[in-house]
Protein chains: 2
Amino acid sequence: MGLEERRKREKENRKNAILKAARKLFFDKGSKNVTVESIAKKAELSKGSVYLYFKSKEDIYTQILLSDIDKFHKAMVNLIQEGQSSSAMLMGLANIYTDFSLNDRELFRIMMNYMLNTDNMNLPEEIDHLIVKATNKTIGIIEEIFMMGIRSGEFPQYIDLRQKRNAIWGLLNGIISLHLFTGTEEKREERIRSTIKTGLNTFLRGMRTPSGNGQ
Amino acid sequence: MGLEERRKREKENRKNAILKAARKLFFDKGSKNVTVESIAKKAELSKGSVYLYFKSKEDIYTQILLSDIDKFHKAMVNLIQEGQSSSAMLMGLANIYTDFSLNDRELFRIMMNYMLNTDNMNLPEEIDHLIVKATNKTIGIIEEIFMMGIRSGEFPQYIDLRQKRNAIWGLLNGIISLHLFTGTEEKREERIRSTIKTGLNTFLRGMRTPSGNGQ
DNA sequence: TGAACAATGGTCACATACTGACCAATGGTC
DNA sequence: GACCATTGGTCAGTATGTGACCATTGTTCA
């Protein structure tokens, strides 16, 4: 409750106001189409002040990405809980991934680009590395869930893990990007979620069906 | 949502932070025993900054008094509502007055001093005038409520208005100050409220009793 | 009683935070 | 390839905040 403390708190608040404004703008328009002036205006500051808190536009951008990647990563890691079927866990993962894509279209776009090997977007080394790591982590988690499903008898033993995992990962990214970058905002979230839900369920049903050998 | 607007807003917030801190301190210790330094500290500012928003300690003090007197005054004026018995209105007035005294012991003390003719406390002309006005207004309202009660037949016609009104006003101030400036904080509010409630009710019952002629 | 001292309202030179006109680089247009 | 519009980044000037200091007042104690 001291004076020093108050000033520190206010500094932090300013920084957060800028980040909040910038996140919204980057989300809406993509990094390239956002001016520092517009960030400043949205944060109710002058442009000069923005540069008191960040050393460049890219600095703002990367800090947002870093924090979002981190959030995403943590959400993924928290996924695997006891007492849930593998199918339920996969549906949970799909939901989290959908949340994330809706919440941060820009980052989703980047991750998609990585997946498609459309190469990097001139991102700093640090970000580049972390995105790859987050992506791999997610894929790894899908794989892990499958293995748990096999151990518990929910899935057949002889499925091709890599193949299934890639199919799921592709399904998610494909459905989301299809809806996210086309059409109107109208009921977008609803459409994505229902498409993913039925698509994933169909896929899992296929895997659990003995007659199909899960292949 | 503009820049100019934000700065204005923040200025206002600073000022309010100082007022809030000062009100608490004045309430607890009385104006004389509060230092500007302590106000600044509580508001998490330096002393110098306090003088950016107020021209003197007295300025802070009077602004608080003015705003509180105004609030008090408005609450009193709002009292007279349709569809209530005069007794209920008087009880309402007593409650508001109790709220106020608990909330602003310092101002209550000043008003008591006026009533007792213990003379002024070197207050600026403006304040002095307003306090007298608020006091008279309150007394006037009590009188008005009595008149309504007479018109509606709730009270006998021949009561001595001035005498009754002074009795009520004295009762309220006496009970509150008795409890407010003596004893401990322990259940103070409860004690004040219950004493006022039964005291006022007894008085009103006496007025409505024909055998006693309301005198 | 009056010298020494403590306490505190108010001031001001210095420090920090904020602003927006300006500059340089970039990309688009004709 | 000259012109222009746009925009990331800079910096001199302004607004806001700080706390050591000063002047005054009241208190203590020899």
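These values consider heavy atoms only, across backbone and side chains, with no hydrogens, waters or symmetry-generated copies. In what follows, chains carry the letters A, B, and so on, assigned in the order in which the sequence lines appear, proteins first and then strands, with residues in each chain numbered from 1.
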Protein-nucleotide distance ([X], atom [atom1]; [N], atom [atom2]), rounded to Å:
{"X": "A/I18", "N": "C/dA17", "atom1": "CD1", "atom2": "C1'", "value": "12 Å"}
{"X": "A/R9", "N": "C/dA17", "atom1": "CZ", "atom2": "P", "value": "15 Å"}
{"X": "B/E5", "N": "C/dC18", "atom1": "CD", "atom2": "P", "value": "18 Å"}
{"X": "A/I39", "N": "D/dG8", "atom1": "CD1", "atom2": "P", "value": "8 Å"}
{"X": "A/E4", "N": "D/dG17", "atom1": "CD", "atom2": "P", "value": "15 Å"}
{"X": "B/Y51", "N": "C/dG10", "atom1": "OH", "atom2": "P", "value": "4 Å"}
{"X": "A/L52", "N": "D/dT10", "atom1": "CG", "atom2": "P", "value": "11 Å"}
{"X": "A/K41", "N": "C/dG20", "atom1": "NZ", "atom2": "P", "value": "11 Å"}

Q: Among D/dG19, C/dC18, C/dA17, find the nucleotide with the atom closest to the side chain of A/R7.
A: C/dA17
**Q.** B/S56 side-chain proximity, nearest of D/dG17, C/dG10, C/dT19
**A.** C/dG10
Q.
Under the side chain to side chain donor-acceptor pair (under 3.5 Å) test against B/R23, which residue among B/D104, B/N103, B/D68 passes?
A. B/D68
Salt-bridged, [X] to [Y], with N to O below 4.0 Å?
{"X": "B/R6", "Y": "B/E10", "answer": "yes"}
{"X": "B/K8", "Y": "B/E12", "answer": "no"}
{"X": "B/D160", "Y": "B/K164", "answer": "no"}
{"X": "A/K32", "Y": "A/E58", "answer": "no"}

Students often get this wrong, so: under 4.0 angstrom with heavy atoms, is [X] touching a base, only sugar-phosphate, or nothing?
{"X": "B/T35", "value": "sugar-phosphate"}
{"X": "B/V34", "value": "sugar-phosphate"}
{"X": "A/F54", "value": "nothing"}

Q. Which sits closer to the 5' end of DNA chain C, A/G48 or B/N33, going by the nucleotide each is nearest to?
A. B/N33
Looking at [N], I'd like to know if its phosphate oxygens (OP1 or OP2) sit under 4.0 Å from a side-chain N or O belonging to [X].
{"X": "A/S49", "N": "C/dT19", "result": "yes"}
{"X": "A/K47", "N": "C/dG20", "result": "no"}
{"X": "B/R14", "N": "D/dG17", "result": "yes"}

Q: Between A/L3 and A/K55, name the one whose nearest nucleotide on DNA chain D is closer to the 5' end.
A: A/K55
Q. Taking for each residue the nucleotide of DNA chain D with the nearest heavy atom, is it A/R6 or A/K57 whose nucleotide lies nearer the 5' end?
A. A/K57
Q.
Can you tell me the base-pairing partner of C/dG28? Count Watson-Crick or G-U wobble geometry only, both distances below 3.5 Å, and say none if there is no partner.
A. D/dC3
